[in-house]
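What follows is a set of notes on a single structure, which appears directly below.
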Amino acid sequence: MVDRRSTVALALVFLLFHSTLEQQGPLSSLTEFAALFELRSSLGLRSRDWPRKVDPCSQWNGVQCRNGRVVGINISGFRRTRIGSLNPQFAVDALGNFTLLESFNASRFALPGPIPDWFGQRIAALQVLDLRSCSIAGAIPSSMGNLFNLTSMYLSDNSLTGIIPSSMGQLSRLSVLDLSQNSLTGSIPISFSSLGNISFLDISSNYLSGSIPPAIGSLSNLQFLNLSGNKLSSSVPSELGNLTSLVELDLSLNTLSGSLPLDLRGLRNLQRMEIGNNSLVGLLPDNLFPSPNRLQVIGLSHNVFTGALPDVLGLMPRLRFLDVSSNNFTGDLVNLTLNANATGAVFNLSQNMFYGALPSIIRRFSFIDLSSNYLEGMVPSDALSNASLDSNCLQNVSNQRTLVECASFYTERGMIFDNFGLPNATQPPPAPETSGKSHRKVIILASVLGGFVFIVLLVILLILLLLCIRRRGAMNQRGNGVGPVPAGGSPPPAGVSINFSSLGETFTYQQLLQATSDFSDINLIKHGHSGDLFRGILEGGVAVVVKRINLQSSRKEGYLLELDFFSKISHTRLVPLLGHCLENDNEKFLVYKYMPNGDLSNALYRKTNLEDDSLQSLDWITRLKIAIGAAEGLSYLHHECTPPLVHRDVQASSILLDDKFEVRLGSLSEVCAQEGDTHQSMITRLLRLPQTSEQGSSGSPTAICAYDVYCFGKVLLGLVTGKLGMSASNDVEMKEFLEQTLPYISIYDKELVTKILDPSLIVDEDLLEEVWAMAIVAKSCLNPKPSRRPLMRYILKALENPWKVVREENSGSARLRTTSSRGSWNAALFGSWRSSSDVVAVPTTSTTRLEGGSSLKRSTTTGSQGSGQNGGGDLSSSHRRQSKEIFPEPSEVQNVERQDEV
Ligand SMILES: *[C@@H]1O[C@H](CO)[C@@H](O)[C@H](O)[C@H]1NC(C)=O
Ligand SMILES: *[C@@H]1O[C@H](CO)[C@@H](O)[C@H](O)[C@H]1NC(C)=O
Ligand SMILES: *[C@@H]1O[C@H](CO)[C@@H](O)[C@H](O)[C@H]1NC(C)=O
Ligand SMILES: *[C@@H]1O[C@H](CO)[C@@H](O)[C@H](O)[C@H]1NC(C)=O
Ligand SMILES: *[C@@H]1O[C@H](CO)[C@@H](O)[C@H](O)[C@H]1NC(C)=O
Ligand SMILES: *[C@@H]1O[C@H](CO)[C@@H](O)[C@H](O)[C@H]1NC(C)=O
Ligand SMILES: *[C@@H]1O[C@H](CO)[C@@H](O)[C@H](O)[C@H]1NC(C)=O
Ligand SMILES: *[C@@H]1O[C@H](CO)[C@@H](O)[C@H](O)[C@H]1NC(C)=O
C-alpha cells in the first residue's frame with residue numbers, strides 16, 4: 001500500500017518533526033510511523049482525524065504513545081473518507097507492526113469481514129480490544145486465545161457466527177468478555193471455567209444451546225453474568241450459588257427448565273436477578289434471594305412458578321423493580337409487603353392467580369400492575385391512578401372478569417367469592433299471593449291433586465285393561481302409514497317409576513348454587529319453555545347447563561317425563577344428562593352437559609371477531625354433517641325405540657352442537673311416544689289434563705313422527721337458504737316463506753336452487769349437487785300431507801348419499817337397492833313427489849292461539865282441525881280413528897311462540 005517513494009517521503013517528514021518536537025516525546029519508531037500511515041490509508045481515515053506533517057503521538061486523535069511508541073489506537077466513531085467508505089474492509093494488517101500496542105478500539109467503525117487469523121498472533125501485547133458494532137462477520141478465530149495479556153474483549157453487536165473457540169479459556173487475565181448480540185452457536189465452552197479473573201461475562205443474545213456449564217460456578221470474581229436471549233436449556237446449576245461476587249445475574253429468555261436450586265445462599269452480593277421467560281417451574285424458596293437487603297431488581301416473568309410469593313420480598317429495602325408477571329403464582333395478596341423505597345419503583349404482578357382483597361400497600365407505589373388476577377372486593381378510589389387492575393374480580397371498576405370465571409376460580413379452590421358484592425340471588429321467588437289467597441289456593445290445589453291422583457289410578461287400571469286387549473292386534477296395526485318399526489329398546493313406561501341410578505349424579509342444591517353463582521343473571525342462557533337455563537361450572541371444572549324448573553309455572557310432571565325418558569333412552573345423538581337435583585319442593589333441576597357450540601340457530605352464523613360485526617357462516621360440509629347428525633337422532637327416536645318416540649320440538653334451537661359440531665339433540669322435555677302406539681301417551685295426555693283445562697282450548701304438537709319430519713324439513717330448508725329462523729316462526733310467516741321458496745326446488749332443474757341458496761355459502765358444482773339434494777329432501781319433508789312425508793330413516797339415507805338422490809332421480813336409472821325390506825329409500829323419498837304436484841301447497845289451517853300463558857303447551861288431543869283431515873286417510877289406523885284423532889297440519893302448531901331449550 002505504501003510504495004517505496006512515499007516511504008522515503010514519510011521518513012523525511014518523520015525526521016523533520018522529530019528534530020523539532022523532540023521534547024514532547026514524539027513517535028520514535030519509523031516502522032510504527034509507516035504502519036500508522038498504512039492503517040490510515042487502508043481504513044480510509046480522514047486527515048481531519050489523522051493529519052499529515054504532524055507528530056501522530058501528540059496530534060492524531062486516538063493515538064496514544066508511551067516513550068515514543070504507539071500503545072493505543074482509538075478510532076472509535078471515526079468516519080471514513082468518501083473513497084474509504086466505498087469499499088470498507090477489515091483491513092488492519094498494519095496493526096501487526098505495533099509490537100507494544102495495548103489497546104485497539106474501533107467500536108462503531110465499520111470493519112466488514114472476518115477477523116483475520118493472524119490477529120491473535122501478532123498483536124501479542126494487546127490488553128483491550130474493543131470491536132463493538134463494527135459489522136464484523138465470520139467466526140472468531142481460535143488464535144484469539146493467544147492474546148494472553150488481554151484483559152477486556154468487546155465483540156458485541158456484530159455478526160459473528162460459529163462457535164466460541166474453547167481456546168478463549170486460556171485468556172487467564174481476561175476480566176471483561178462481551179460477545180453479546182452476535183449469532184454465535186454451540187455451547188458455552190467448559191474452558192470458560194479457567195477465566196479466573198473474569199468479572200464481566202456477557203454472551204447474551206446469541207444462539208447458544210446446551211446447558212449452563214456448572215463450572216461457571218467457579219468464577220469467583222464474576223460480578224456480572226448475562227446469558228439471556230440464547231437457547232440454553234435444562235436446569236439452572238446449583239453451582240451458580242458459588243458466585244459469591246455476583247452482582248447481576250441475567251438468565252432470562254432461554255429455555256431453562258426445572259425448579260430453581262434451593263440454595264443460592266452464596267450469592268450474597270446479588271442486586272439484580274433476571275430469570276424471566278424460561279420454563280422454570282415450582283415454588284420460590286425464601287433463600288432463593290440470599291441478599292434481601294441488596295436486591296434491587298427481580299425479574300421472574302413468563303415462567304411457570306407456582307405457590308405464593310416468598311415473604312422475603314417484604315425484606316428488600318432497595319427493591320425498585322419486581323416483575324413476576326405471567327406465572328402461576330397464587331395466594332392472598334392482602335398482606336403483601338414490599339418494604340421498598342416506593343418512589344420510582346415498578347411492580348408487575350399481572351397474569352397470575354393472585355386472589356383476595358387488594359394489598360393494602362397499593363397506594364405506596366408509583367405504579368403496580370395487578371391485572372389479570374383474581375383479586376376481589378372494593379377498590380379504593382385513590383388506588384386507580386397508580387395501579388392497573390384490569391381483568392380481576394373487583395367490584396367498582398370496569399374491565400373485570402365474568403362472574404363465571406371468578407366464581408369458578410374461587411369455588412375450585414374451596415373459597416367463597418364475594419359475588420361482586422351483590423346479594424346472593426338464589427332464594428326461591430316469593431309467592432306473589434297474599435296469605436289468604438294462597439291459603440285458598442292450597443285448598444284448591446289439594447282437591448285438584450286429590451282428584452287427579454284418583455283419576456290417574458283409574459286410568460292406569462283402564463289402560464292395563466286396554467293393553468291386554470290391544471296386544472293381540474298390535475302387530476297388525478303397525479306398518480300403516482308412518483308406522484313404527486319394531487326394534488330393540490325397552491318401552492318407556494308411565495312416568496312414575498324412574499330408575500334414578502341411570503340418571504347421572506344427584507346434585508345438592510348447594511352444588512348447583514355454586515356452579516351457577518347462585519343462578520345469577522349473568523349465567524342465564526335463556527328462559528326455556530320448560531324451565532330457565534343457566535350455564536355453570538361444577539367443582540371439578542366441568543361445564544354444565546342447569547335447567548331450573550319452577551313447578552309453580554311449569555307442568556309438574558314435565559321434568560318427570562324427561563327424567564323417565566333419560567332413564568330409558570341414551571344415545572350419542574341426544575344431549576347427555578349429567579344429573580339432577582330434586583331436593584327442593586318448588587324447584588327441580590336437571591343438569592346437562594354443556595355444548596360448546598350452542599345450538600344450530602346461533603351457530604350457523606358466528607361473529608368472527610368482537611370488534612366488527614362480520615359474520616362467518618358454517619360451511620356446507622358442516623351443514624350437511626349437522627343435518628345427518630340430527631337425522632340420526634330423530635331416526636333413532638322414530639325407528640329404534642319401541643314404541644316410536646316423537647321429539648315434538650324439532651327446530652334449529654333444539655339441535656345442539658358439541659365442540660366438533662356433532663349434533664346432540666336437546667329440547668327433550670316434549671318427547672313422547674307416538675300417539676296410539678301405547679298406553680304411554682294416554683297417560684301423558686291425562687296427566688296434562690288438569691293444567692291445560694285451565695287454559696281452555698289448546699293443543700300440543702301432535703305426537704306423530706310425521707310431525708317431526710315436517711319440522712325437520714324446515715330445518716333442512718333453513719340450512720340451504722340460511723334462514724333458520726323460519727324453523728321457529730309462526731305459520732303465517734312460514735307459509736309466505738314456503739310459497740316463495742319451494743317453487744325453486746325442482747328435481748328437474750339443479751340451477752334453480754341457486755336462487756334460494758344462502759348467499760354466504762360458497763359451493764362448487766359438486767357441492768351444489770348436495771345442496772340441491774338436501775333441498776329436495778326438505779321439500780319432500782314439507783309435504784302438507786303427513787302420509788306423504790318420507791320416514792326419518794329414509795331421510796337419513798338420502799342425506800348420507802345426497803348425490804344418489806339427484807342422480808338417480810334424474811337419470812331414471814335403476815333404483816338403488818338398500819337394506820330396507822320395503823325397497824328403495826329413494827322411492828320412499830320420492831313417493832311424495834310423484835303423488836303430489838311438484839309445487840307443494842302450503843297447508844292452510846285454522847289456528848287456535850293461546851290466550852296468555854304462552855309458555856304452556858296446548859295439549860288437548862281433541863278439537864284440532866285442519867286440512868290434514870283430507871290427507872290423513874291412509875294414515876289413520878283403526879285405533880286412531882277410535883281416539884278421534886285428526887292430524888293437525890304441522891304448521892298449525894307452530895303458532896305457539898316457543899322458546900327453545902336443552
Ligand atoms: C509490518 O510488518 C510486516 C510483517 O510483519 C512487514 O512485512 C512490513 O514491511 C511491516 N511494515 C512496515 C511499514 O514496516
Ligand atoms: C476512544 O474514543 C471514543 C470516542 O472519541 C471515546 O469515547 C473513548 O473514551 C475512547 N477510548 C479510549 C480507550 O480512549
Ligand atoms: C504481557 O504482560 C506482561 C506483564 O504485564 C509483560 O511482561 C509481557 O511482556 C506482556 N506480553 C507481551 C507479549 O507483551
Ligand atoms: C460449589 O457449589 C457446589 C454445589 O452447590 C458445592 O458442592 C461446592 O462445594 C461449591 N464449590 C465451592 C468452591 O464453593
Ligand atoms: C430507603 O432508602 C434509604 C437509603 O437507601 C434507606 O436508608 C431507607 O431505609 C429506605 N427505606 C426503606 C423503607 O427501606
Ligand atoms: C397454571 O395454572 C393453570 C390453572 O390452574 C393450569 O391450567 C396450568 O396448567 C398451569 N400451568 C402449568 C404449566 O402448570
Ligand atoms: C393478614 O394479616 C392479618 C393480620 O396479621 C391476619 O389476621 C390474616 O390472617 C392475614 N391474612 C392472610 C390471608 O394471610
Ligand atoms: C352468599 O352466600 C354465601 C354462602 O352461601 C355467604 O357466605 C356469603 O356471605 C353470601 N354473600 C352475600 C353477599 O350475601
Side-chain angles (χ1 to χ4, degrees), residues 24-29 31-32 35-36 39-40 42-51 54-81 84-85 88 90 92-111 115-136 141-158 165 167-181 194-200 202 221 224:
Q24 294 178 13
L27 190 60
S28 59
S29 161
T31 310
E32 292 187 355
L36 278 175
L39 202 60
R40 182 182 187 271
S42 71
L43 294 178
L45 302 180
R46 299 178 304 173
S47 48
R48 174 191 292 184
D49 294 317
W50 284 11
V54 293
D55 173 31
C57 282
S58 55
Q59 307 282 310
W60 284 14
N61 286 338
V63 173
Q64 197 192 349
C65 302
R66 198 190 304 132
N67 302 324
R69 300 289 302 274
V70 175
V71 293
I73 296 176
N74 184 355
I75 56 170
S76 167
F78 279 22
R79 283 199 282 150
R80 289 178 190 261
T81 58
S85 58
F90 202 113
V92 292
D93 295 37
L95 280 186
N97 300 59
F98 302 104
T99 47
L100 298 180
L101 188 69
E102 291 171 1
S103 101
F104 178 60
N105 183 348
S107 60
R108 291 180 289 121
F109 184 90
L111 294 172
I115 300 174
D117 211 25
W118 56 260
F119 206 90
Q121 314 283 0
R122 285 175 44 203
I123 326 175
L126 206 60
Q127 295 173 18
V128 177
L129 175 64
D130 190 343
L131 298 175
R132 279 177 277 192
S133 310
C134 291
S135 310
I136 305 169
S142 70
S143 65
M144 296 290 267
N146 297 329
L147 296 170
F148 295 115
N149 276 7
L150 209 59
T151 58
S152 302
M153 183 196 275
Y154 301 94
L155 295 176
S156 67
D157 192 21
N158 284 293
S167 62
M168 287 178 69
Q170 303 165 25
L171 301 173
S172 57
R173 296 188 180 183
L174 202 61
S175 121
V176 175
L177 177 58
D178 185 355
L179 302 176
S180 63
Q181 300 183 67
S194 315
L195 299 172
N197 276 311
I198 198 140
S199 67
F200 179 105
D202 188 350
N221 291 310
F224 180 100

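Counting starts at 1 for both ligands and their atoms, following the listed order. Along the sequence shown, residues carry numbers from 1. Treat the numbers as computed from the prediction; the structure is a model and nothing was measured.
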Do me a favour and list the nearest non-hydrogen protein atom to [atom] with residue, atom name and distance?
atom	result
atom 5 (O) of ligand 3	Arg173 NH1, 3.5 Å
atom 14 (O) of ligand 2	Asn74 ND2, 3.0 Å
atom 4 (C) of ligand 2	Ser76 O, 3.9 Å
atom 2 (O) of ligand 3	Asn149 ND2, 2.3 Å

- Short list, please: which atoms of ligand 2 are under 4.0 Å from a heavy atom of Asn105?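 Those qualifying, in numeric order: 1 (C), 11 (N).
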- Do the ring planes of Trp60 and Trp50 sit parallel (below 30°), tilted (30 to 60°) or perpendicular (above 60°)?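 It falls in the parallel class, under 30°.
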- Message: I need the atoms of ligand 3 closer than 4.0 Å to a non-hydrogen atom of Ala124, numbered in the order shown.
- Response: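 Those of ligand 3 that fall under 4.0 Å from Ala124 are 13 (C).
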- Message: Could you check whether any heavy atom of Glu102 sits closer than 4.0 Å to an atom of ligand 3, since that is the contact criterion I want to use?
- Response: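 Judged by the 4.0 Å heavy-atom criterion, Glu102 does not count as contacting ligand 3.
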- Message: Using a plain distance cutoff, I'd like to know if Arg108 has any nitrogen or oxygen under 3.5 Å from a nitrogen or oxygen of ligand 2.
- Response: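 In this structure, Arg108 places no N or O atom under 3.5 Å from an N or O of ligand 2.
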- Within 6.0 angstrom of Arg80 CZ, more than 12 heavy atoms from elsewhere: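 Above 12, so yes.
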- Query: Judged by modelled atom types alone, do Ser175 and Thr151 share a side-chain donor-acceptor pair under 3.5 Å?
  - Reply: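 No, because no side-chain N or O of Ser175 sits under 3.5 Å from a partner of the opposite role on Thr151.
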- Item | Residues Ser76 and Arg132: side-chain donor-acceptor under 3.5 angstrom |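 No, because no side-chain N or O of Ser76 sits under 3.5 Å from a partner of the opposite role on Arg132.
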- Message: Between Phe98 and Phe104, is the side-chain contact (heavy atoms from CB on, under 4.5 Å) condition met? List the steps.
- Response: CA-CA 11 Å; Phe98 302 104; Phe104 178 60; over 6 Å; no
- Message: Using a 3.5 Å distance criterion without hydrogens, assess whether the side chain of Asn146 forms a donor-acceptor pair with backbone atoms of Gly120.
- Response: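 Here the side-chain-to-backbone pair does not exist.
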- Which bit of Gln127 gets closer than 4.0 Å to ligand 3, counting heavy atoms only: side chain, backbone, both or neither?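 Neither part.
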- Task: Look at atom 9 (O) of ligand 3 and say whether a protein heavy atom is found at less than 4.0 angstrom from it.
- Result: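 Not a single protein heavy atom is under 4.0 Å away.
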- Item | Closest heavy-atom pair and its distance - Thr81, Leu45 |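 Closest heavy-atom pair between Thr81 and Leu45: CG2-O, 3.5 Å.
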